[in-house]
Visitor: 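Below is the structure I would like to discuss, written out as structure tokens.
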Amino acid sequence: MDRKTGKTEADVAGGRSVERADARPQVIIPRELTVKQFADVLGASSIEVIKYLMRRGYMVSINQLIDYDMASAVAGDLGLEAKPEKIKSEEKHQKQRYEEDVAAQVPRPPVITIMGHVDHGKTKLLDAIRKTNVVDTEAGNITQHIGAYQVDLRGQKITFLDTPGHQAFTAMRARGARATDIAVLVVAADDGIMPQTIEAISHARAAEVPIVVAINKIDKPEANPERVKQQLAEHGLLVEAWGGDIIAIPVSAKLGENIQELLENLLVVAEVQELKADPTRPAAGVVIEARLDSSKGPLATVLVQTGTLKIGEVIVMGDTWGRVKAMFDDKGRRVKKAEPSMPVAVLGVNSVPRAGDVFKVMSDEKEARILARENELEREKAGAARATRLTTVYAQIQTGQVRELNIVLKTDVQGSLEPIRTSLERLGSEAAKVRLVHAGSGNITENDVMLAIASHGIIIGFNTRIEPGAKLLAESEGVDIRNYQVIYNLVDDVEKALAGLLEPTFADVVEGHAEVRAIFAVKQGKIAGSYVTDGKLTRGDKARVIRRNQVMHDSTIASLRHFKENVKEIGTGFECGIGIDGFADFEIGDIIEAYRKEKVA
């Protein structure tokens, strides 16, 4: 160390330590490294580092990979300030790789999603467009559920996403991926607009995409297209024939009538949008759907939005990554490359990604691993960060994060909707308005939660029930659900929230339980060999040690191991080793209860 400046530097194994006279010495740590490399970074022996890790409850070997969180914790124990390594040259390189070359942009096919009520002929319409029958697809074909198809209209391609419902459509939007250019709303001419049709309209609006209406089943004797147009107008969709800007085409999927006219109009709408992409840059796009194939492993259907995806490239999809081993088009044929707006099934990633995950091609496996890890950490923080809650909406308004309070409203009966809607829409100010994203009667469903996620809104129920799946999804995604029995209380809470007067309180939400079945001694304490009886346990969660219904200790889960591996989370039915911060006096039969604090009004 230079005694005059108070600084020293040592570059070893990608790490750098800097001692400063005016602050704690810093150590620069890569996102991932082995125990030996970490020891080299610290200028310490591997044995010493392993001891410090053991004191923290991490049982590791010299060549085992540890993450930044583990390394920074040990650095703190040694009186050092940890900083993550920045790969500046690579960041600059990646930025250059992903910049769009406007001169290289060429027109791309439009991406269309077909939406509507369950019995209004969405599948029949797709069949008519593809001139095939989906239900007759050969069993076992790898692309049986690829969920996307391309058709050719006089040399111009159009991509159709065959989503299982508008939930998947909104899931993509909820995770920040705009996968669709145009939504086709299918309405049966004999039935007219149904509750699911209204939901589909709400989803299309939340995704902010143009809507084209296909009035189907005009071949039926009881068909009444004019009544459908009237109903569309009542829901804010004024068709061109009535002086509006919504294209509505009467079709018969059964007879194939006006299908060409529908496709031509879709190309016109697409032309107005001037859809372009650069096929020369590394590929990026969105995961449409994914599943675990019993023989081939994780299989993801992706939509390439820009660039060209090729066999052998390293790819990141959300928090998973891998190398593209094989690609299949919508007809099951192997392809070597996929250009903008082309859907393909991809084999090669390590685990199953989520629908709506963004994917991109990386320069090498190291960068892919780092980005996947960063995406995982970002996902953990994202739920709370993006959630709008009644108790926090005023602060978000004040900081400019929120300009309108988006509400999904569900009531027990249709008659309750109008007075509540009217009362809510009167609230608000120039700083923030109240906007009803969707209003309907019935239970609060997963569909409603997806809408709230996509619109960064909240769900308000009136004398209605929350379905179990909706409750679980809302908890995992941080969506605020409020249920009321009195209209006055409902309106009063929203008004207070907008004025910043709704005060939060905290409640404990139990995540899971584990039973202690064995106790293992380590140098600096004891680890509880446990069996997870319900829920899940996550490293860093708050936890209580309960013995004969008495709380013995209340702190956090310091370490979590499954066999010899350190794990971040463990679920029901698994055995694990648990280290509790500040507690070592375990007894067999103790219950470890993991929980989190949650704000409630």
Side-chain angles (χ1 to χ4, degrees), residues 31-32 67-69 84 90-91 94 97-98 111 145-148 161 163-164 167-180 207 282-293 296-307 309 313-327 338 342-387 446 449-450 453-454 456 472-473 475-479 536 538 567-569 571:
R31 306 280 179 176
E32 195 174 66
D67 60 23
Y68 174 77
D69 291 342
E90 185 59 34
E91 282 177 358
Q94 288 290 358
R97 291 177 80 233
Y98 285 101
V111 180
H145 300 292
I146 186 172
L161 299 188
T163 61
Q167 295 95 326
F169 173 83
T170 305
M172 294 178 199
R173 179 65 183 165
R175 298 190 178 105
R178 177 166 172 164
T180 303
V286 63
V287 178
I288 298 166
E289 61 182 21
R291 62 190 172 91
L292 189 63
D293 186 272
K296 295 179 175 65
L299 178 69
T301 300
V302 304
L303 176 70
V304 179
Q305 293 178 300
T306 190
L309 183 62
E313 288 185 320
V314 178
I315 191 171
V316 171
M317 295 182 184
D319 57 4
T320 186
W321 65 280
R323 194 176 287 276
V324 179
K325 293 177 183 174
M327 292 192 293
M342 181 175 176
V344 282
V346 174
L347 286 176
V349 288
N350 298 330
S351 57
V352 180
R354 298 197 302 177
D357 275 347
V358 174
F359 82 82
K360 61 165 65 174
V361 168
M362 304 300 291
S363 56
D364 56 48
E365 292 187 1
K366 180 185 175 186
E367 288 311 308
R369 195 162 50 237
I370 289 171
L371 180 60
R373 173 64 178 153
E374 286 176 351
N375 287 345
E376 183 185 4
L377 294 172
E378 190 65 32
R379 177 170 289 167
E380 290 165 8
K381 298 174 187 172
R386 69 161 175 255
E446 288 182 52
V449 177
M450 291 308 307
I453 298 167
H456 304 285
L472 285 171
L473 181 61
E475 285 176 357
S476 68
E477 296 287 345
V479 173
K536 65 178 182 179
T538 306
V567 293
K568 189 170 185 307
E569 183 179 285

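In this text the structure is predicted, and so the values were computed from the model without any measurement. Index from 1, following the sequence.
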Visitor: Would you mind reporting whether D319 and R354 have side-chain heavy atoms less than 4.5 Å apart?
Guide: no
Visitor: What closest approach, in Å, do V314 and A368 show between heavy atoms, and which atom pair accounts for it?
Guide: CG1-CB, 3.5 Å
Visitor: Between atom CG of L347 and atom CZ of R323, what is the distance when rounded to the nearest 0.5 Å?
Guide: 15.0 Å
Visitor: Which pair of heavy atoms, one from V287 and one from M317, lies closest together, and at what distance?
Guide: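 Shortest heavy-atom separation between V287 and M317 comes out as CG2-SD, 4.0 Å.
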Visitor: Report the distance from atom NZ of K325 to atom NZ of K296, rounding to the nearest 0.5 Å.
Guide: 12.0 Å
Visitor: Pair L309, I315 - check side-chain contact (heavy atoms from CB on, under 4.5 Å), show working.
Guide: CA-CA 9 Å; L309 183 62; I315 191 171; 4.0 Å; yes
Visitor: Between A290 and V352, which heavy-atom pair has the shortest distance, and what is it?
Guide: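 Answer, listing the atom of A290 first, then V352: CB-CG1, 3.6 Å.
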Visitor: Any side-chain heavy atom of F359 within less than 4.5 Å of one from V349?
Guide: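 In short, these two side chains do not touch, never coming nearer than 4.5 Å.
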Visitor: Would you name the heavy atoms of A345 and L299 that are closest together and state the gap between them?
Guide: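 Smallest heavy-atom distance, with atoms named: CB-CD1, 3.9 Å.
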Visitor: Can you tell me how far apart CD (E374) and CD (E367) are? Round to the nearest 0.5 Å.
Guide: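 It is 8.5 Å, given to the nearest 0.5 Å.
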Visitor: For the residue pair M362 and E313, establish whether any side-chain heavy-atom pair is separated by less than 4.5 Å.
Guide: no
Visitor: What verdict does the side-chain contact (heavy atoms from CB on, under 4.5 Å) test give for L371 and W321, after you've listed the backbone C-alpha separation in whole Å, the side-chain angles of each residue and the deciding distance to 0.1 Å?
Guide: CA-CA 9 Å; L371 180 60; W321 65 280; over 6 Å; no
Visitor: Testing D357, V302, L161 for side-chain contact (heavy atoms from CB on, under 4.5 Å) with I288, which one passes?
Guide: L161
Visitor: Looking only at non-hydrogen atoms, find the nearest pair between L303 and P343 and report the distance.
Guide: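 Shortest heavy-atom separation between L303 and P343 comes out as CD1-N, 4.2 Å.
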Visitor: Please check: side-chain N/O of T320 versus main-chain N/O of S351, any donor-acceptor pairing under 3.5 Å?
Guide: yes
Visitor: Could you measure the distance from the CD atom of E446 to the CG atom of L472? Nearest 0.5 Å is fine.
Guide: 8.0 Å
